[in-house]
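Here is the structure we will look at, set down as structure tokens.
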Amino acid sequence: MGTHEYRRYVALGDSQTEGVGDGDDRTGLRGWADRLAEHLAEAAPGVGYANLAVRGRLAAAVRAEQLPAALALRPDLATVVAGVNDLLRPGFDADETGGHLEAVFAALTGQGVRVATLTFPDVGRITPLARPLAPRVHALNDRIREAARRHGVVVAETAHHDVVTDPRLWSADRLHASPLGHARIAAAVADALALPGSDDAWTRPLPPRPVPGALRAAVGEVAWAGSFLGPWLLRRVRGRSSGDGRAAKRPDLLPVDPAGGLAGSGAAGR
């Protein structure tokens with residue numbers, strides 16, 4: 001399918017696709033999927049865009065809750081990005097998580113939908129306390145690549161580039177991209193899809209910046225653990241999720257303004 005034919009774009013996933021880290025719940029979230037929709041609209045005015053992603057969702061929930069809604073919208077382009085919430089769980093199984101993602105790929109491509117996904121960076125290079133998770137990230141990425149090959153899914157290989165672990169591309173919680181990070185993700189997916197006006201500029205490093213000393217870095221790790229890691233662990237112990245009680249921010253295909261400010265993507269309803 002030529003890029004000029006993308007008229008109905010649906011995004012599935014978790015907090016990253018919802019846009020956490022790019023805006024807030026009071027003023028509204030933008031995020032990389034919104035940015036990608038705006039890119040699409042520049043080449044194809046009148047494109048419709050829905051975002052079914054909800055923070056905290058596991059791959060199984062994306063399959064069970066979002067896939068039926070996505071199929072009903074009859075998209076010609078879909079993005080599927082999930083699995084990080086799974087790999088953070090103690091009982092993570094890469095094959096199981098990959099199986100849910102593959103089922104989503106298969107169902108969408110089986111209806112003739114062009115599907116794009118991405119691989120994940122080594123979280124241990126973003127925060128040292130997460131280094132034990134590196135094997136899980138590599139295993140998940142391998143499953144994503146295998147499933148994508150089997151179903152003709154486009155993969156934005158963000159895991160291959162050093163810039164994706166630059167702290168400036170991540171928000172203070174180190175789990176979600178910053179506005180700059182969301183812009184790079186959108187550019188990566190656009191490049192993988194070969195959309196008009198896309199290129200590999202997203203892979204280029206940011207200008208050098210001072211490296212914090214050992215003491216300052218250690219203080220930063222302690223502060224991060226207290227502000228973000230602790231509350232996250234407490235939610236897990238209580239069996240709660242950041243997405244409890246939340247619905248998709250943009251469940252219907254709505255028009256896209258290529259200049260930004262998507263209709264229906266505000267904080268209302270979340």
Side-chain angles (χ1 to χ4, degrees), residues 1-19 29-55 57 59-83 100-119 144 147-156 182 185-198 246-258 260-266 269-270:
M1 174 178 288
T3 57
H4 64 284
E5 296 181 65
Y6 294 143
R7 292 292 186 271
R8 302 166 72 88
Y9 165 42
V10 177
L12 299 83
D14 52 30
S15 56
Q16 209 74 277
T17 299
E18 185 185 346
L29 299 174
R30 190 180 183 191
W32 70 265
D34 284 21
R35 293 169 182 268
L36 180 65
E38 292 156 13
H39 190 137
L40 287 167
E42 292 175 359
V47 65
Y49 162 55
N51 189 320
L52 307 179
V54 178
R55 66 192 68 179
R57 293 300 190 260
V62 172
R63 177 183 180 182
E65 300 168 7
Q66 298 176 27
L67 177 59
L71 293 172
L73 292 170
R74 297 182 291 106
D76 46 42
L77 174 67
T79 53
V80 180
V81 178
H100 289 303
L101 294 175
E102 180 158 9
V104 177
F105 294 165
L108 288 166
T109 57
Q111 283 200 355
V113 182
R114 185 63 162 162
V115 178
T117 189
L118 53 80
T119 52
I144 289 171
R149 279 195 297 270
R150 283 192 284 269
H151 299 282
V153 170
V154 174
V155 181
H182 278 282
I185 296 171
V189 177
D191 184 29
L193 287 165
L195 297 183
S198 64
R246 290 183 175 270
K249 72 176 185 179
R250 189 182 173 95
D252 301 312
L253 285 165
L254 297 172
V256 177
D257 177 358
L262 301 182
S265 283
R270 297 203 301 281

* **Qualifying residue for side chain to side chain contact (heavy atoms under 4.5 Å, CB included) with V80, from V113, V104, I144, V153** => V104

* Worked verdict on R114 versus V154 for side-chain contact (heavy atoms from CB on, under 4.5 Å) -> CA-CA 8 Å; R114 185 63 162 162; V154 174; 3.2 Å; yes

* What residue pairs, at least two apart or across chains, pass salt bridge (Lys or Arg N to Asp or Glu O under 4.0 Å) with a residue in residues 40-53? -> none

* Minimal non-hydrogen separation, G13 against R57, with atom names -> O-CB, 4.3 Å

* Asked: Where do P251 and L73 come nearest, in terms of heavy atoms and distance?
  -> O-CD1, 3.8 Å

* Asked: Is there a donor-acceptor contact under 3.5 Å from the side chain of H39 to the main chain of P196?
  -> yes

* Asked: Does the side chain of Y9 reach to within under 4.5 Å of the side chain of V256, using non-hydrogen atoms?
  -> no

* Kindly indicate whether the side chain of E102, heavy atoms from C-beta on, has any atom under 4.5 Å from the side chain of R150. => yes

* Structure fact -> OG1 (T117) and CZ (F105) are apart, to the nearest 0.5 Å, by 4.0 Å

* To do: Decide yes or no for V81 and I185: does some side-chain heavy atom of the first lie under 4.5 Å from some side-chain heavy atom of the second?
  => no

* Structure fact -> Closest heavy-atom pair, L12 versus A78, reported as atoms and distance to 0.1 Å, is CD1-CB, 4.2 Å

* Where do N51 and A33 come nearest, in terms of heavy atoms and distance? -> ND2-CB, 3.7 Å

* Structure fact -> Minimal heavy-atom distance between V10 and A70, with the atoms involved, is CG1-CB, 3.9 Å

* L29 versus D34: any side-chain heavy-atom pair under 4.5 Å? -> no

* Asked: Does the R250 side chain pair with the main chain of Y49, one donor and one acceptor, at a distance under 3.5 Å?
  -> yes

* Asked: Checking R55 side chain against E18 main chain: does a donor-acceptor pair fall under 3.5 Å?
  -> no

* Asked: Do Q16 and L118 come close enough that some side-chain heavy atom pair is under 4.5 Å?
  -> no

* **Heavy-atom side-chain proximity of L108 to L67 below 4.5 angstrom** => yes

* To do: Just jot down the side chain to side chain donor-acceptor pair (under 3.5 Å) partners of R74, sequence neighbours excluded, or say none.
  => none

* To do: Identify the heavy atoms of A37 and V47 that sit nearest to each other, and give their distance.
  => O-CG1, 4.2 Å

* Is there a donor-acceptor contact under 3.5 Å from the side chain of D252 to the main chain of L254? -> no

* Counting N and O atoms only, with roles assigned by atom type, does the side chain of D76 sit under 3.5 Å from a partner on the main chain of R8, one being a donor and the other an acceptor? -> yes

* Mind running side-chain contact (heavy atoms from CB on, under 4.5 Å) on L71 and Q111 for me, showing each step along the way? => CA-CA 8 Å; L71 293 172; Q111 283 200 355; 3.6 Å; yes

